[in-house]
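Contents: one structure, followed by commentary.
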Amino acid sequence: MKELNRWFVTNRRDLPWRHSPRDPWAVLVSEVMLQQTPVVRVQPAWEAWLARWPDATSLANDQPGEAVIMWDRLGYPRRALRLHSAAVRIRDEFGGRVPDDYDTLLSLPGIGDYTASAILAFAYRRTIPVLDTNVRRVLARSRHGLAYPRGSAVTRTERQELAEILPTSGEQAATTSEAFMELGALICTSQNPVCTQCPLATNCHWYNSGQPANQQPPNRQARFAGSDREVRGRIMQLIRSTPAGVTQAELDLTWPDPAQLSRAQASLVADGLLVETADKRYTLPTS
DNA sequence: TATTCGTGGTG
DNA sequence: TCACCAAGAAT
């Protein structure tokens with residue numbers, strides 16, 4: 001991994017949540033925002049978020065609807081709600097401090113295996129395998145000659161494989177994990193990887209076997225245009241811009257198909273992103 | 001295990 | 001125009 005670390009020293013992006021000393025809350029917020037949202041869009045949102053809510057308690061003391069508004073257009077607004085719920089639990093159960101053990105982190109809303117591991121590694125500098133889509137792809141290619149990892153779920157084998165590669169030192173393990181992720185994000189990309197600039201190319205099983213397309217990309221998404229997700233997005237855009245609440249008639253203007261609108265609206269209510277008031281208006285959630 | 005869940009940039 | 005994708009989680 002000497003080649004990888006040398007590459008990382010030179011090519012490491014200066015991202016604010018990597019600045020030392022790393023605040024676990026700031027890292028947690030960054031990791032949740034980065035779930036399926038690109039770095040370039042997360043960075044300004046992360047800055048604004050932490051300027052307003054510098055710790056979990058300050059977020060917990062504010063309204064969940066305010067979190068949804070601040071979330072703005074990062075996408076998947078349920079993440080904003082879950083982040084607020086996690087902040088409430090951190091305030092109420094952990095004295096406002098982000099937990100530092102895997103099982104407790106995993107029990108928080110919106111935090112799964114990747115995010116729990118990332119917080120432990122990047123904030124607390126603990127030696128733990130961090131397997132995101134980038135790391136999985138880099139390992140699949142360099143070590144197994146596969147264009148993409150098999151399946152969408154992290155396997156025990158992958159975890160063990162990475163654990164054996166990682167340095168013992170928590171500090172060095174965290175750096176190595178960041179380097180793997182950075183390589184996957186900048187060089188060993190899903191499409192059009194830049195293998196000629198890859199520090200692992202010499203020993204890459206996939207590159208040395210001619211980059212065979214032997215696997216399907218694991219994450220094919222349903223088309224967005226015309227989907228319920230698009231309708232939900234329309235509704236959320238309206239409600240974010242009108243936090244005082246909207247009427248059903250105003251909601252009806254967001255989408256031409258009444259049945260689909262009704263379905264999307266009901267799903268938002270079920271998610272807690274949309275609240276029906278006593279006078280039949282719709283607002284963002286309050287605690 | 002396969003789906004669902006936003007948004008915007010890119011080729 | 002459109003498929004593909006971007007530090008996943010929950011069900």
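Only a predicted model underlies this, so the values are computations on that prediction, with no experimental measurement involved. In what follows, every chain begins at residue 1, and chains take the letters A, B, ... in the order their sequences are listed. Just the heavy atoms: all of them, side chains too, but no hydrogens, waters or symmetry mates, feed the values below.
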Would a hydrophobic clustering, with Ile, Leu, Val, Met, Phe, Trp and Tyr connected at side-chain separations under 4.5 Å, put Leu106(A) with Val29(A)?
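Yes, because Leu106(A) and Val29(A) connect within a single hydrophobic cluster, where side-chain heavy atoms sit under 4.5 Å apart.
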
Give me, pair by pair, the N or O atoms of the protein and of nucleotides 1-4 of chain C that are less than 3.5 Å apart, along with how far apart they are.
from   : atom 1 : to        : atom 2 : distance (Å)
dA3(C) : OP1    : Arg223(A) : NH1    : 3.4
dA3(C) : OP2    : Arg223(A) : NH1    : 3.3
dC4(C) : OP1    : Arg220(A) : NH2    : 3.0

Sorted by number, residues from residues 172-184 of chain A placing a heavy atom under 4.0 Å from DNA chain B are none

At a heavy-atom distance below 4.0 Å, what parts of residues 37-50 of chain A sit against DNA chain B?
Thr37(A), Arg41(A)

Partner set under side-chain contact (heavy atoms from CB on, under 4.5 Å) for Asn11(A), not counting sequence neighbours:
Trp7(A)

Neighbours of DNA chain C within residues 14-33 of chain A, by heavy-atom distance under 4.0 Å
Leu15(A), Trp17(A), Arg18(A), Glu31(A)

Can you sort out which residues in residues 106-126 of chain A have a heavy atom within less than 4.0 Å of DNA chain C? Ascending by number, please.
Leu108(A), Pro109(A), Gly110(A), Ile111(A), Gly112(A), Asp113(A), Tyr114(A), Thr115(A)

Can you list every salt bridge (charged side-chain N to carboxylate O under 4.0 Å, His left out) pair that touches [range], not counting sequence neighbours?
range	result
residues 96-121 of chain A	Asp113(A)-Arg159(A)
residues 115-134 of chain A	Arg125(A)-Glu171(A)
residues 187-208 of chain A	none

Looking at every heavy atom in both Val130(A) and Val135(A), which two are closest together, and how far apart are they?
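Smallest interatomic distance, heavy atoms only, reads O-CG2, 3.5 Å.
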
Any side-chain N or O of Arg136(A) under 4.0 Å from OP1/OP2 of dG8(C)?
no

Enumerate donor-acceptor pairs with a distance under 3.5 Å from any side-chain N or O in residues 139-154 of chain A to protein atoms, sequence neighbours excluded.
from      : atom 1 : to        : atom 2 : distance (Å)
Arg141(A) : NE     : Ala147(A) : O      : 2.8
Arg141(A) : NH1    : Thr189(A) : O      : 2.8
Arg141(A) : NH2    : Ala147(A) : O      : 3.3
Arg141(A) : NH2    : Thr189(A) : O      : 3.4
Arg141(A) : NH2    : Ser190(A) : O      : 3.2
Ser142(A) : OG     : Val138(A) : O      : 2.7
Arg143(A) : NE     : Glu161(A) : OE2    : 2.4
His144(A) : NE2    : Glu161(A) : OE1    : 3.2
His144(A) : NE2    : Glu161(A) : OE2    : 2.8
Tyr148(A) : OH     : Ser190(A) : O      : 2.6
Tyr148(A) : OH     : Ser190(A) : OG     : 3.2
Tyr148(A) : OH     : Gln191(A) : NE2    : 3.3

Any donor-acceptor N/O pair, Trp46(A) side chain to Ala26(A) backbone, under 3.5 Å:
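Looks like yes, one N/O pair under 3.5 Å.
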
Under the 4.5 Å side-chain heavy-atom rule for ILVMFWY, direct or indirect, which residues accompany Leu284(A)?
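Its cluster partners, ordered by chain and number, are Val68(A), Ile69(A), Leu81(A), Val231(A), Ile235(A), Met236(A), Leu238(A), Ile239(A), Val246(A), Leu251(A), Trp255(A), Leu261(A), Leu268(A), Val269(A), Leu273(A), Leu274(A), Tyr282(A).
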
Assign Ala225(A) to base, sugar-phosphate, or nothing according to its heavy-atom contacts below 4.0 angstrom with the strands shown.
nothing

With heavy atoms under 4.0 Å as the rule, sort Arg263(A) into base, sugar-phosphate or nothing.
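Result for Arg263(A) = nothing.
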
Let me check something: any side-chain donor-acceptor pairs from residues 197-204 of chain A under 3.5 Å, sequence neighbours excluded? List them with distances.
none

Which nucleotide in dT4(B), dA10(C), dA7(C) has an atom nearest any side-chain atom of Arg78(A):
dT4(B)

